[in-house]
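This report refers to the structure that appears directly beneath it.
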Amino acid sequence: MPIEVRTHATLAETARAFAASRGAHILGGGTVLMRAVNAADPSVATILRPADPVLRQIRTEGREIAIGAGVTMAEIIAHRELGFLAPVARLVGGPQVRTTATIGGNLFAAAPYGDVAGALLALGASVVTGEGRRMPLDDLFRPHAPRAFVATILVAPSRDFHFVKVSRVRPKGVSVMSIAANLPRPGGRLQDPRIVFNGMGARPMRAVAAERALSGQPLDAATIARAASLAAEGLAPEDDAIASAWYRREVAPVHLRRLLEGAA
Ligand SMILES: Cc1cc2nc3c(=O)[nH]c(=O)nc-3n(C[C@H](O)[C@H](O)[C@H](O)COP(=O)(O)OP(=O)(O)OC[C@H]3O[C@@H](n4cnc5c(N)ncnc54)[C@H](O)[C@@H]3O)c2cc1C
């Protein structure tokens, strides 16, 4: 079957074309999508190339930074206001991948990809769809959430953000898992902590049980031990070529404990 490739000048046109066909895929950098095309994946019937300049922009909106979905990892690393995300983007693939891979594409790249998506979820980011609808990333990642064309990602910088990527090949190996955490501690106690594992399920997932164990507590040895023991609760790791589900469950508490000790 030939694949149709269409370019749309505006977000609204792209959103309409995306909604009209289940086989329509958005072209970001193509690092994942073009592999599917080369493998003759029958689910790719139409490729939409959104050409609206908004997709390439990075701008400040009040407390938040609005990042166009077509902004690449290399552009994130180079941008002065995005220093908090740069350490995550720097660990995505090698230089060639980072030059083309987009932040929007990372939201939809299947596990174990999705390191930046996990970081954004931990930071409580939201997305704005091509139709102009804002929604928390939590909703986009819910099981059975409707598919969406993402135009912009909105995220507030945080000084309390921590990230660790666990891979077998350094520095650019694919994740066994990555952990992103936002751990604000006004007055010395954790308030609304968010911990996200990537690689422990089909999409980045919040470690809700560990978050509960941390909430309202000081980040001391007893709290860290309790949260680490709950690291994998409610998560659903899978076997893949990188690691088995069993291995991921075994090492998740160790890596969460190390991250929390580093943040304390
Ligand atoms: C060698 C290699 C190493 C990699 N290493 C890592 C890694 O270490 N960590 C990691 O996280 N990822 C990694 N990746 C995965 C991936 O390249 C990137 O994470 C990337 O961000 C995907 O972006 P893209 O722009 O290339 O997406 P594309 O390939 O263009 O698209 C991927 C999917 O996202 C959808 N999509 C894209 N943009 C949008 C949008 N705006 N709205 C809705 N849907 C959209 C597409 O329809 C498609 O289904 C690696 C990939 C390769 C090839």
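FYI, side chains are in, hydrogens and waters are out, and symmetry mates aren't considered; it's all heavy atoms of this structure. Whatever order the structure lists ligands and atoms in, that order sets their numbers, starting from 1.
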In the protein, what heavy atom is nearest to [atom], and what distance, to one decimal place, separates them?
atom: atom 20 (C) of ligand 1; answer: A101 CB, 3.4 Å
atom: atom 5 (N) of ligand 1; answer: G93 N, 3.3 Å
atom: atom 9 (N) of ligand 1; answer: D115 OD2, 2.8 Å
atom: atom 21 (O) of ligand 1; answer: T102 O, 2.9 Å
atom: atom 31 (O) of ligand 1; answer: L33 CB, 4.0 Å
atom: atom 19 (O) of ligand 1; answer: N106 ND2, 2.4 Å
atom: atom 24 (P) of ligand 1; answer: G29 N, 3.5 Å
atom: atom 45 (C) of ligand 1; answer: F108 CD1, 3.5 Å

*Test side-chain contact (heavy atoms from CB on, under 4.5 Å) applied to P193 and L214, D160, N182, the passing residue*: L214
_The single option from V127, I67, V54 passing side-chain contact (heavy atoms from CB on, under 4.5 Å) against T152_ = V54
_Note: D138-R194 ion pair, threshold 4.0 Å (strictly below)_ = yes
*Carboxylate-amine/guanidinium contact E61 R134, below 4.0 Å*: no
Below a 4.0 angstrom heavy-atom separation, can you tell me which part of [X], side chain or backbone, both or neither, approaches ligand 1?
X: L91; answer: backbone
X: K165; answer: side chain
X: V97; answer: side chain
X: A117; answer: neither

Answer yes or no: does an N/O atom from [X] fall short of 3.5 Å to an N/O atom of ligand 1?
X: A109; value: no
X: L27; value: no
X: T31; value: yes
X: I26; value: yes
X: G28; value: yes
X: S175; value: no
X: F149; value: no
X: Y113; value: no
X: M73; value: no
X: V32; value: yes

Kindly compute the distance separating [atom1] ([X]) from [atom2] ([Y]), expressed to the nearest 0.5 Å.
X: H8; Y: L48; atom1: NE2; atom2: CG; result: 5.0 Å
X: T14; Y: E131; atom1: OG1; atom2: CD; result: 10.0 Å
X: L85; Y: F163; atom1: CG; atom2: CZ; result: 10.0 Å

*Would you mind running through ligand 1 and noting each atom that sits below 4.0 Å from a heavy atom of A69?*
41 (N)
*Taking only heavy atoms of A148 into account, list the atoms of ligand 1 that are under 4.0 Å away from them.*
42 (N), 43 (C)
*asked:* Pair T72, T99 - check side chain to side chain contact (heavy atoms under 4.5 Å, CB included), show working.
replied: CA-CA 6 Å; T72 66; T99 303; over 6 Å; no
Which pair of heavy atoms, one from [X] and one from [Y], lies closest together, and at what distance?
X: L137; Y: A117; result: CD2-O, 4.0 Å
X: A17; Y: R6; result: CB-NH1, 3.9 Å
X: P204; Y: L121; result: O-CD2, 3.8 Å
X: A148; Y: F108; result: O-CZ, 3.7 Å
X: L260; Y: L219; result: O-CD2, 3.9 Å

*May I ask you to decide if Y113's main-chain N or O and N106's side chain share a donor-acceptor pair within less than 3.5 Å?*
no
*Compute the minimum heavy-atom distance from G70 to ligand 1 and say whether it is under 4.0 Å.*
no
